[in-house]
Amino acid sequence: MILIPTPQEFSYKELIKFLSRNEKECLHRIKDDTIYKVLEIENELVLFSVSFDNGLVVRIHTENQSPFVNDIIKNYIEDWFDLTADLKSFYEIARQDTILHQLCQKYHGLRMVGMPNLFESLIWSVIGQQINLNFAYSLKQRLVQSFGKSITFEGQTFYALPTPETLACLQIEDFRPYQFSKGKAQYIINISKAFAEGTISQQNLSLLSYDEIKQQLTAIKGVGNWTANYSMMKSLKSYDAFPVEDVGLHNAIKNQYGLEAKPTIADLHQMSTQWIGWRGYATFYFWHSLLG
DNA sequence: TACCAGGATGTTG
DNA sequence: CAACATCATGGT
């Protein structure tokens, strides 16, 4: 068992709400407010669970060979739930914007739920491009269940994210039975090859500036401005990365500000000047508002 | 039925 | 450089 202390501003309730947002989510599972997830570490699967009891309580349910498993899982969780961000600074900035300030009070302690694995966020955002989220979750489920490794624990099957090496070997036709468009299939292959061949490396990117990272990501065919910013905020702790084209953001802004129509891109650039430094975090809070 | 979904790319004017 | 067509399918 591993205990991870939580910072002062931390809401497990809002975390669970966000993680529970879609029933088809297949890369983690929630049962009785306990979170289950599988990671592939050094070619073996590790199943762990997280619950809350005056801090995060982590249990590892597999017997693994690697001596580093505990540390890797601990770091993963701190990254996944963004336990180190200085939320006070975000809340201070947000006070300038009445609507955002209200969301910060309503969801106090909500931390950005990230994707510690950059490959995962890129694949997920390509899947989500231009289609409704429910369909996107169906596509993700088919991809993960078809090409990801799995283990069974207490009668339930848990899936790990397919590796870049696995997906890089596929052809466009391999995706067609799962209702991926040719474009999405090609984009996923492109991203997988970039990781498998080492053209893109999360470790290398993490050392670069915002502009340099974005340039490298958008060099991959299929990764545009929205995808690059989405992945940077979810995987690379770019709290100011701003996926301004995001339809979910547009809807949330329209709802929260009581607008007649969805804001334009220009409107959003204007509004977001109030959130500079934390535009990604602000976006995450607006997304969360869609859940109620 | 037409239009929109957590967009990106390639082509056209 | 801006405007448009295309992608594929589920929902409204």
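Every chain is numbered from 1 and lettered A, B, ... according to where its sequence line falls, protein lines coming before strand lines.
- Between A/D79 and the options A/K237, A/K74, A/K234, a salt bridge (charged side-chain N to carboxylate O under 4.0 Å, His left out) holds for only A/K237.
- For A/L122 and B/dG7, the CG to C1' distance is 14 Å, given to the nearest whole Å.
- Residue contacts shown for A/V126 are absent, as no nucleic acid heavy atom lies under 4.0 Å away.
- Nucleotide B/dG7 holds its P atom 13 Å from the CG atom of A/N229, rounded to whole Å.
- Side-chain proximity of A/Q129 to the nucleotides B/dA5, B/dA8, B/dT9 is greatest for B/dA8.
- A straight line from CD1 of A/I127 to C1' of B/dA5 spans 15 Å, rounded to a whole angstrom.
- Rounded to whole Å, the distance from CG on A/D246 to C1' on B/dC4 is 14 Å.
- Side chain to side chain, A/S209 and A/D211 fail the donor-acceptor criterion of an N or O pair below 3.5 Å.
- What separates OH of A/Y178 from P of C/dC7 is a distance of 23 Å, to the nearest Å.
- Nucleic acid contact class of A/Y187 (heavy atoms, under 4.0 Å, all strands): sugar-phosphate only.
- Hydrophobic clustering, with ILVMFWY side chains joined whenever heavy atoms are under 4.5 angstrom apart, keeps A/Y36 apart from A/I73.
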Taking N or O atoms only and anything under 3.5 Å, show me the protein contacts with nucleotides 10-12 of chain C, one pair per line.
{"residue": "C/dG10", "atom": "OP1", "partner": "A/Q179", "partner atom": "NE2", "Å": "3.2"}
{"residue": "C/dG10", "atom": "N3", "partner": "A/N132", "partner atom": "ND2", "Å": "3.4"}

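- Annotation: of the two residues near DNA chain B, A/N251 and A/G222, the 5′-most nearest-nucleotide partner is A/N251.
- Comparing A/L249 and A/T218 by the nucleotide of DNA chain B that holds the closest heavy atom to each, the one mapping nearer the 5' end is A/L249.
- In this model, the phosphate group of B/dG7 is not approached by any side-chain N or O of A/K184 to a distance below 4.0 Å at OP1 or OP2.
- We find that CG of A/N225 is positioned 12 Å from P of B/dG7, with the value rounded to whole Å.
- Each of A/S235, A/S231, A/P164 was evaluated against A/F119; a single residue qualifies, A/P164, per the side-chain contact (heavy atoms from CB on, under 4.5 Å) test.
- Taking atom NZ of A/K221 as the reference point, atom P of C/dC7 lies 19 Å away to the nearest angstrom.
- Using cut-offs of 30° and 60° on the angle between ring planes, the pair A/W275 and A/F286 is tilted.
- In this structure, NZ of A/K214 is placed 16 Å from P of B/dG7, rounded to the nearest angstrom.
- Look at A/S138 and you won't find any side-chain N or O under 4.0 angstrom from OP1 or OP2 of C/dT9.
- Side chain to side chain, A/Y12 and A/D53 fail the donor-acceptor criterion of an N or O pair below 3.5 Å.
- Note on residues 164-175 of chain A: pairs passing side-chain hydrogen bond (donor to acceptor under 3.5 Å, both in side chains), not counting sequence neighbours, are A/T163-A/T166.
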